[in-house]
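Basis for what follows: all heavy atoms, side chains included, without hydrogens, waters or symmetry-related copies.
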Amino acid sequence: MTDGKSTMSASDAMAGFVAEQWTRVTGVGVDPHEYRRVTDGLASVAEWGPAFLRTGREHLERAEDAGSPLSAGTHLLAAARWFHSATLAPYAEAARAAAAADDALGRALALLEPGARRVSGEGFTGWLRVPPAGPAGRGGGAVGTVIVVPGLDSAKEEFLDLASALLARGLAVFAMDGPGQGVLAASSVLVPEYEEVVGRVVDALGVPRVGLVGLSLGGYFAARAAALEPRVAAAATVSGPFRLDWDELPPPLQDMVVRRTGGVDAAREFARHVDLAGLAPRITAPLLVVDGGQDVIPGVTSGEPLARSAPRGTHLSVPHGDHLLGNARPDWLPRLADHLAHTLTGA
């Protein structure tokens, strides 16, 4: 009887987790039907990572057997999405999954976008992609360059649809992993001083100014960098925190911060820094703050005070939007991409 109750509890927890991750994972670009097929057979959250890793490998096999570079690249992108999504649940092999996602993305871009190039430096790595009409290299044919900053457990592989929207508007895109993020999570920890990382990225890209988009905790990183790095000419945040109250954060979120910062004391200290009250008035670049009305997390203050305090801030609240607004992309993604394109080009 006890075993039966444990199994039911694990099954219920799995069902809840699958439902919670639905819009995020499908927003990453994972096929919703394939998502249901893979998750329908899972009995516990512990099975999430292995199942997603296995599905990613299936796409690698399809890429090997593909009849064209386009088909191979498409399967490699799917593999990258599945490998990254494997890291969204506690998983002992998360570092291996993140490395597999990184490798698959690189192989996909080599086939689909030969002009893309890897750019790495102290505390960052990522891919610089140029719009189709622009030449390879530094994005010389682009009308501007946007850096996409991931959050607490996200990575450069998660926001490919955002990158596509920016590329379609003639912008070059650098999708990055910073300290404690994505493929760098296994060898580094999160740092609050993200403006220093952004500064090194801008130096490496060799451009005079950039736009920034930060998603989830990346919203804090982007806003902080916009306040302190003068070469940030436009900025946007999506589901970014204005402030964190460590004692009010749900235990799973606390655990995640602990893992990404290296310990409880480091996590508490990191959370203490996540407070934009003193920095928001220093953001002189045009800033768009996007929040979902259904994204309510204890201990997390949403971005409305950021938009109100920034001299050129605008707040876009989508009432039915969840965290990262994967369920409401038409309500904010075109506007965000236009905001960056118009600001960077002066149109």
If the threshold is 4.0 Å, N to carboxylate O, is there a salt bridge linking R268 and D247?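 Yes, charged N to carboxylate O under 4.0 Å.
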Ion pair R57/E61, N-O distance below 4.0 Å: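 Salt bridge absent between R57 and E61.
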Residue pairs fulfilling side-chain hydrogen bond (donor to acceptor under 3.5 Å, both in side chains) with at least one residue in [range], sequence neighbours excluded:
range            : result
residues 92-116  : E64-R107, E93-R96, D102-R118, D102-K156, E113-R129
residues 211-221 : S216-H323, Y220-R224
residues 249-262 : none

Spacing of OG1 belonging to T74 relative to CZ belonging to R62, to within rounding of 0.5 Å: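 T74 OG1 to R62 CZ: 12.5 Å, rounded to 0.5 Å.
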With a cutoff of under 4.5 Å between side-chain heavy atoms, which Ile, Leu, Val, Met, Phe, Trp and Tyr residues group with L184?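 So far as hydrophobic clustering goes, L184 is joined with V183.
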Could you list the donor-acceptor pairs under 3.5 angstrom formed by side chains in residues 234-243, with sequence neighbours left out?
| from | atom 1 | to | atom 2 | distance (Å) |
| --- | --- | --- | --- | --- |
| S239 | OG | L324 | N | 2.8 |
| R243 | NE | D275 | OD2 | 3.2 |

Do any N or O atoms from the side chain of S71 and from the backbone of S68 form a donor-acceptor pair under 3.5 angstrom?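 Here the side-chain-to-backbone pair does not exist.
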Just say parallel, tilted or perpendicular for the rings of F52 and Y35, cut-offs at 30° and 60°.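 Rings of F52 and Y35: perpendicular, as their planes differ by over 60°.
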Mind checking what makes side-chain contact (heavy atoms from CB on, under 4.5 Å) contact with R272, not counting sequence neighbours?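 Here the qualifying residues are E269.
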Any heavy-atom pair between the side chains of T87 and D153 that's under 4.5 Å?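 Counting from C-beta outward, D153 and T87 never come under 4.5 Å.
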Derivation and outcome, ring-ring contact (aromatic ring centres under 6.0 Å, His included), residues W48 and F17: CA-CA 10 Å; W48 172 282; F17 188 79; 4.8 Å; yes
Run the side chain to side chain donor-acceptor pair (under 3.5 Å) check on S317 and D291 step by step: do they pass? CA-CA 5 Å; S317 179; D291 282 318; over 6 Å; no
